Amino acid sequence: MNAPMSTPITSPDVYARTGVPETGLRNYWYPVLAGWRLGKKPRAVKILNEDIVLFRDAGKIHALQDRCPHRGAQLSQGSCMYPGSGTLTCPYHGWTFSGESGNCVAKLMEGPEAVIAPGTGVKTYPVKEHLGVIWLFVGDMEAVPLSDDQPECLAKDAEWHGFSTWRTYHCNWRVLKDNLCHDLHAPFLHRNAPELILQPVFPHAVQLAAEPTADGRGIGYKARGGINKADYPGLGQFPPARESWYRRLKPTGRGKDIDPTKSPAVVKYGYLHRQSSLLPGITLIGRPSGNYFMCRWVVPIDEKTTLFYTFSRYRRQGAVSTMLQKLQWIFWLSWTHDWLFSDQDKRVLEKVKTQRETLSRTDAGVSAWRRFVADHARRPPSARETGQDAAHRAAAE
Ligand code: FES
Ligand SMILES: [Fe+2]
């Protein structure tokens, strides 16, 4: 794909023209809460601007719209008053709802004979617990299998292990996802991150190409060439010499023109891209070995708030390496990356103003992602398609 030329954009909100919706892509699964955080009490979550209550009863998790149809109380303030029945009772006048169907099954203040009009109830949401995380499908169609929306390193639990962390960002999800589109902020913004402090600055001025992934779920990035330092006339060197004396480690090969088809990840596992953006807001960043992926999932909460889930995933290669990977994550990566490194982004992103932007060469990956979302985000089947399905089924029966 061609890199965009420097183009000033002056629409009221730069996203208005991209077709990437403000409150997220519907009809996908999203991680919303660590499973251990849902105990006996119901819990309110918000995702894609929808208020949802989660509750656990008799070992099963349910998800309902968090608003009582009677007089609008929050069901998350209620309780599972009849354990084992799979119901949730509103805190205000005791209307009680089935977690399975969402139907109102009792109006406790009107007696067992109370008339309950058909259709009285709340919306239900498909919900699952996987990898110790609660996942919700929010949309306007039947839920797809959860594994359809997860990269392999999350879906295939038996082959991978790992950890997850989450943080709340006070910015729109699009700002956070754009940040993860190989936009070359890392060699600058993160150049002094403790995680990378002894290494040469990431290569910049690379040739970046963005292309659809083979599975059609997103776009993969290929970066070639690049420099680790340079002189700027009238200014001096980047990175400045005063920041360079501690960069003691040798370059690790990043930035060299390596034949990607010879990397172990491609030869052994067929992963062509070390970094990719997948629908509905996933960034996958891998190591050349193909044995580690950081999967970062941007979860829209509302227009101004985003949940950022990070999954560090290691291919299972025996008990010893699993133990070493766990130690490395607990004592190093969890705080140097998920906390300190990410904080450098968070500080900037929460202040970004989206009224105007001037795209440049480094934004090729951002533009490609925005185009991909506008063209390929999942949509519910149209009435015509559904009608055709029904006709096929009827013909087959
Ligand atoms: S508002 Fe929920 S029972 Fe009245
Ligand atoms: Fe970053």
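For the numbers below, each heavy atom of this structure counts, side chains included, while hydrogens, waters and symmetry mates do not. What you see is a predicted model, and the numbers here were worked out from it, not measured in a lab. Each ligand, and each atom within it, is numbered from 1 in the order the structure gives.
Seen from the ring of Y314, R316 does not count as a face-on cation partner, given the 6.0 Å and 45° thresholds.
When all heavy atoms of V206 and A223 are compared, the pair lying nearest together is CG2-CB, 4.0 Å.
The NE2 atom of H185 and the OD2 atom of D345 subtend an angle of 140° at the Fe ion (ligand 2), given to the nearest 10 degrees.
Nearest N/O/S atom of H190 relative to the Fe ion (ligand 2): this is NE2.
For residues 107-126, the pairs satisfying salt bridge (Lys or Arg N to Asp or Glu O under 4.0 Å) are E50-K123, with sequence neighbours left out.
Close placement of the W332 and W335 rings is indicated, their centers lying within 6.0 Å of each other.
Residues T168 and T306 fail the side-chain proximity criterion, which asks for heavy atoms closer than 4.5 Å.
To the nearest 0.5 Å, atoms CD (E129) and CG (L146) are separated by 11.5 Å.
Protein N/O/S atoms closer than 2.8 Å to atom 4 (Fe) of ligand 1, listed by chain and residue number, are H70 ND1, H93 ND1.
For the ring pair (Phe, Tyr, Trp, His ring centres under 6.0 Å) with W297, the qualifying choice from W29, W173, W135 is W135, the only one to do so.
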